[in-house]
Amino acid sequence: MNEVPEPVDAPFRFDVLTLFPPLFEGFLTESIIGRAVRNGLVEVKLWDLRQWAVNRFGQVDDRPFGGGPGMLLMAPPVVEGVNAIRDDFADPGHLVMLTPSGRRFDQSKAREFLTRKRLILLCGRYEGFDHRVNEILGPETVSIGDYVLSGGEVPAMVIIDSVTRLVPGALGDETSPLDESFHDDRRLVEYPQYTRPREYLGHSVPEILLSGDHAKIARWRESLRRPSEPPQTQ
Ligand code: ADE
């Protein structure tokens with residue numbers, strides 16, 4: 001009957017399951033992400049994992065069976081939370097668990113995530129998740145790098161930021177994602193750039209950039225593109 005049709009360009013939707021929703025506050029309201037949210041290009045919904053705590057004390061974690069350091073996030077709050085999040089919206093979305101043991105996130109993964117239209121991001125804390133979360137929900141596990149952070153919130157922000165930048169219109173007119181490093185997977189960094197003043201502490205802007213000869217400037221910039229530093233090895 002009176003069904004409202006889905007808008008052709010529905011916003012990209014992120015759902016974040018976290019113990020610390022306030023960590024996202026400034027990130028989601030300022031700058032490019034804030035503008036993309038205000039313009040309806042992306043929608044971000046934060047879900048507090050404690051809503052699905054196992055008791056009235058708000059418990060969501062417990063000690064690992066078999067011993068070992070720290071606490072694990074329990075399976076029931078996470079599984080029930082994800083089910084509720086999925087029920088909130090027609091598209092079941094793509095489930096991503098942030099963990100240092102996951103597959104390394106990169107620009108091509110950001111492009112792939114963009115095609116998913118909806119991402120559900122699971123942020124761990126403590127020593128990680130009860131493994132039955134993986135068995136029951138089968139999330140894709142993703143790491144942002146070989147270092148251990150205090151939780152998955154910063155990695156979730158990294159994913160939201162990099163995917164949002166690829167949403168058509170999110171960067172406005174001033175920048176194009178095609179101009180940026182990594183767009184073609186060649187691990188290139190950009191050429192050096194300069195703005196006013198022309199001279200600062202004895203360092204001046206290369207003369208060619210002031211020449212007005214755009215073809216020449218483009219060739220100069222191309223000649224200065226160089227590979228970014230590889231990760232340090234021992
Ligand atoms: N949680 C803790 N450290 C992480 C990392 N490096 N990547 C993703 N999730 C994490």
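Just so you know, ligand 1 is whichever comes first in the structure, and atom 1 is the first atom listed for that ligand.
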Protein neighbours of ligand 1 with a heavy atom under 4.0 Å, given by chain and number, are L98, T99, P100, V142, S143, I144, G145, Y147, V148, L149, G151, P155

Salt-bridge criterion met for D91 and R116 (N-O under 4.0 Å): no

P92 versus R86, closest heavy-atom pair with distance: O-NE, 2.9 Å

SB check R132 D130 (cutoff 4.0 Å): yes

If the threshold is 4.0 Å, N to carboxylate O, is there a salt bridge linking R225 and E222? yes

With the threshold set at 4.0 Å, does a side-chain nitrogen-carboxylate oxygen contact exist between R125 and E153? yes

Does the cation-pi check pass for R13 over F89, that is, NZ or CZ under 6.0 Å from the six-membered ring centre and within 45° of its axis? yes

